[in-house]
Every structure is written in structure tokens, then in C-alpha cells.
Amino acid sequence: MRPEIKVERRLRRHRRVRKKVFGTPERPRLCVFRSKKQIYAQIIDDTIGHTLVACSSLTPEVREKIKELKEKGEIKNKLDIAYIVGEHLAKKALEKGITKVVFDRGGYKYHGRVKALAEGARKGGLEF
């Protein structure tokens, strides 16, 4: 299957999900994007259209933690990195007073790295 078609299908699924998922000030939306190498997540208040908290595998604090854990041999794959991103995002959200979110999987299956990020966020203290 051509890559363009895969992207179009994902975006179609994403639009379908977004019809139902809306972030409010009390319960903002946790949006996930994954590329081949990285994973990105942000918490968005859709009423004003602002990103409240953002985190990715490229965030300096997360990169340092990943580097430390790789040296210890605790990180084996991208699933482990997604889990760490989820935990860090939850920590930053709790600092801003956000405890409940609506999960937007971004048209991806709730599986693999997307699921690992969600589980990390739950362990970090966010409530879905």
C-alpha cells in the first residue's frame, strides 16, 4: 500500500474520532501523534484552541531520561520510550492542575506505542 493512502486513511479515521472527542477546560483532550522514530503528545483545551501541556520523545528532560535508561539497559524499544513520554506528560499536567483528560488516539489503533503512552499517562496520575 502506498504511504499516501495510509496517511489519508489515518486522517479519515482521525476526523471520525474528532467528531466525538472534544476537550473542555475541565477535561482537556490528550492528543497523540506518532512518526516512524518519535512520539508526540499534547493536552489541548479545544474551547480556546490552546495547548496546555506538550511532551515528546524529543523533549530535553525525556531525552536525558531515555539516555540514562538506555545505558542501564532498561530501554529496549520504542514502546518503552512511549511509556516514559506518557509518564512525563502526566507529571507536567498534574503540575498545571490537570487530572482528567479525554484520550484522542489520532486515528491510530489503540495498540503498541499509542497504548504504551496512554498506560504511562495513567500510571503518572492522569484519569481517562
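Being a predicted model, the structure only gives us computed values, none of them experimental.
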Taking all atoms of both residues into account, what is the closest heavy-atom pair of Pro25 and Pro28, and its distance?
-> O-CD, 4.0 Å
Grab the two heavy atoms, one from Val114 and one from Lys109, that are nearest each other, plus how far apart they are.
-> CB-O, 3.9 Å
Approximate separation, where rounding is to 0.5 Å, of [X] [atom1] and [Y] [atom2]:
X	Y	atom1	atom2	result
Lys65	Ile84	NZ	CD1	6.0 Å
Arg13	Tyr108	CZ	OH	9.5 Å
His111	Arg105	NE2	CZ	12.5 Å
Glu68	Arg63	CD	CZ	13.5 Å
Ile66	Ile81	CD1	CD1	4.5 Å
Glu26	Ile98	CD	CD1	11.5 Å

Look at the side chain of [X] and the backbone N and O of [Y], then say whether any donor-acceptor pair between them is shorter than 3.5 Å.
X	Y	value
Ser57	Ile39	yes
Ser56	Leu58	yes
Thr59	Val62	no
Arg29	Gly23	no
Arg2	Ile5	no
Asn77	Asp80	yes

After noting the C-alpha distance and the side-chain angles of Leu30 and Leu126, does the key distance pass the side chain to side chain contact (heavy atoms under 4.5 Å, CB included) rule?
-> CA-CA 10 Å; Leu30 194 165; Leu126 285 181; 4.0 Å; yes
Residue pair Arg34, Tyr40: steps toward the side chain to side chain contact (heavy atoms under 4.5 Å, CB included) verdict = CA-CA 6 Å; Arg34 70 179 169 86; Tyr40 308 84; over 6 Å; no
Residues two or more places apart in sequence or in another chain: which of them pass side-chain contact (heavy atoms from CB on, under 4.5 Å) with Lys78?
-> Arg113
Listed by chain and number, what are the side-chain contact (heavy atoms from CB on, under 4.5 Å) partners of Arg15, not counting sequence neighbours?
-> Leu11, Arg12
Please work out whether the ring planes of Tyr110 and Phe103 are parallel, tilted or perpendicular, with thresholds of 30° and 60°.
-> perpendicular
Salt bridge between Arg18 and Asp46, side-chain N to carboxylate O under 4.0 Å?
-> yes
Distance-only check: which donor-acceptor pairs under 3.5 Å involve side-chain atoms of residues 85-95, not counting sequence neighbours?
unit_1	atom_1	unit_2	atom_2	d
Glu87	OE2	Lys123	NZ	3.1
His88	NE2	Glu61	OE1	3.2
Lys92	NZ	Ala54	O	2.8

Same cluster (ILVMFWY, side-chain, under 4.5 Å), [X] and [Y]:
X	Y	answer
Phe33	Leu52	yes
Leu69	Tyr83	no
Val102	Val17	yes

Let me see the working for Val101 and Ile43 under side chain to side chain contact (heavy atoms under 4.5 Å, CB included), right down to the final yes or no.
-> CA-CA 8 Å; Val101 294; Ile43 297 178; 4.2 Å; yes
Determine whether the side chains of Glu127 and Thr99 contain a donor N or O and an acceptor N or O closer than 3.5 Å.
-> no
Trace of the side chain to side chain contact (heavy atoms under 4.5 Å, CB included) decision for Asp104 with Val32 = CA-CA 7 Å; Asp104 173 11; Val32 177; over 6 Å; no
Answer yes or no: are there more than 12 heavy-atom neighbours, outside Arg9 itself, under 6.0 Å from its atom CZ?
-> no
